Amino acid sequence: MQVALIAGGVGGARMALTLHEALAPGELTVIGNVGDDCEHWGLSISPDLDTVLYTLTGRIDPVNGWGVAGDTRNLMDTAIELGEDDWFILGDKDVALHVTRTRRLQAGEALSSITADVARRWDCATQLLPATDDRLRTWIATDDAELPFQEWLVRRRAADAVAGVRFEGIEAASPAPGVLEAIAAADRIVLAPSNPFVSLDPILGVAGIRDAVIARRDDVIAVSPVIGGKAVKGPLVEMLDSMGHRPDAIGVARYLQPLAGAYVLDPEDAALAPDLDALAMRAVVVPTLMKDAAVRTGLAAAVLA
Ligand code: FO1
């Protein structure tokens with residue numbers, strides 16, 4: 001069975017692991033968000049692609065959900081002594097990946113090629129594709145200013161209410177090699193429990209991707225990133241509210257309605273299932289908090305059924 005997962009953020013990486021564990025090698029393709037990419041200390045960083053790589057290869061820091069487990073901060077400590085910014089944490093092992101990516105991008109290699117090579121070297125049987133090889137950057141509009149995504153999320157701790165989101169470069173961006181093919185060839189397309197505004201939209205907004213998913217709506221299933229009115233991680237509920245959407249699992253379902261014919265709700269939200277009828281979305285109720293292998297197995301079975 002071929003499965004394409006559209007994924008961003010920590011929820012996207014956990015869903016990738018859920019499907020990766022359930023499927024045979026080579027059956028899963030993850031299409032990852034690059035809108036969160038940034039340059040820091042001169043390094044090219046792709047947090048969402050790296051979080052998938054670290055999660056699928058057993059390297060992920062289980063507490064933060066990003067970065068490498070047990071990583072040290074020797075390089076960072078010295079960089080700070082020398083006057084570099086201290087607000088974005090880069091562990092030593094993580095930096096090694098950014099060094100190789102930066103060097104290879106500067107030599108003219110595509111991000112998709114570098115990502116595939118890293119996945120191969122780390123024996124990752126799942127194919128990981130950036131949505132695009134072109135430069136795409138998410139900007140967050142607040143009442144005072146427009147901020148680069150990581151400055152808004154990490155430096156300012158998502159404290160500023162979101163008035164809007166802009167994807168710099170998206171009009172000119174083309175899908176990376178294999179992205180549209182993976183969507184067309186998939187038996188099942190999964191929209192991860194990711195923030196739809198800042199994790200899914202910068203993927204879906206790349207030329208042709210949204211239309212390719214809509215064309216497959218009957219085979220598309222979205223997993224709610226909201227459980228009991230709370231986001232599993234990140235400022236999604238506040239964003240739903242500030243951007244005029246219902247701040248719960250149905251608010252997200254409405255937003256994804258044109259794309260997905262089925263929607264997974266956690267049992268905590270089972271009472272919301274009838275609301276999906278009006279959206280022509282089939283309700284699937286199964287535990288979605290991917291904290292242990294038993295939940296991941298059950299969620300994968302429900303999504304792939
Ligand atoms: N998140 C934080 O909250 N603080 C950090 O200092 C931080 C550093 C960081 C470095 C590399 C990386 O791949 C991810 C990092 N993240 C950090 C997480 C990142 O901001 C978010 O997971 C995603 O961008 C959200 O999709």
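Just so you know, these numbers come straight off a predicted model, no measurement behind them. Order of appearance sets the numbers: ligands from 1, and atoms from 1 within every ligand.
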*Report yes if the side chains of Leu153 and Val198 come closer than 4.5 Å at any heavy-atom pair, otherwise no.*
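Side chain of Leu153 against side chain of Val198, heavy atoms only: no contact under 4.5 Å found.
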*Anything with a heavy atom under 4.0 Å from ligand 1 counts, so go ahead and list those protein residues by chain and number.*
Gly9, Asp36, Pro47, Asp48, Trp66, Trp87, Phe88, Ile89, Leu90, Asp94, Phe149, Gln150, Leu153, Val154
*Could you state the interatomic distance from CG (Leu49) to CG (Asn33), rounded to the nearest 0.5 Å?*
8.0 Å
_Flag if over 12 foreign heavy atoms under 6.0 Å of CZ, Arg120_ =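 Counting other residues, nucleotides and ligands, CZ of Arg120 exceeds 12 neighbours.
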_Enclosure of Lys93 NZ (heavy-atom neighbours >12, cutoff 6.0 Å)_ =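 Check fails, neighbour count at 12 or below.
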_Between Glu27 and Arg188 (salt bridge meaning N to carboxylate O under 4.0 Å), is one present in this structure?_
no
_Out of the candidates Thr132, Asp133, Asp117, only one should pair with Ser112 under the side chain to side chain donor-acceptor pair (under 3.5 Å) rule; please name it._
Asp133
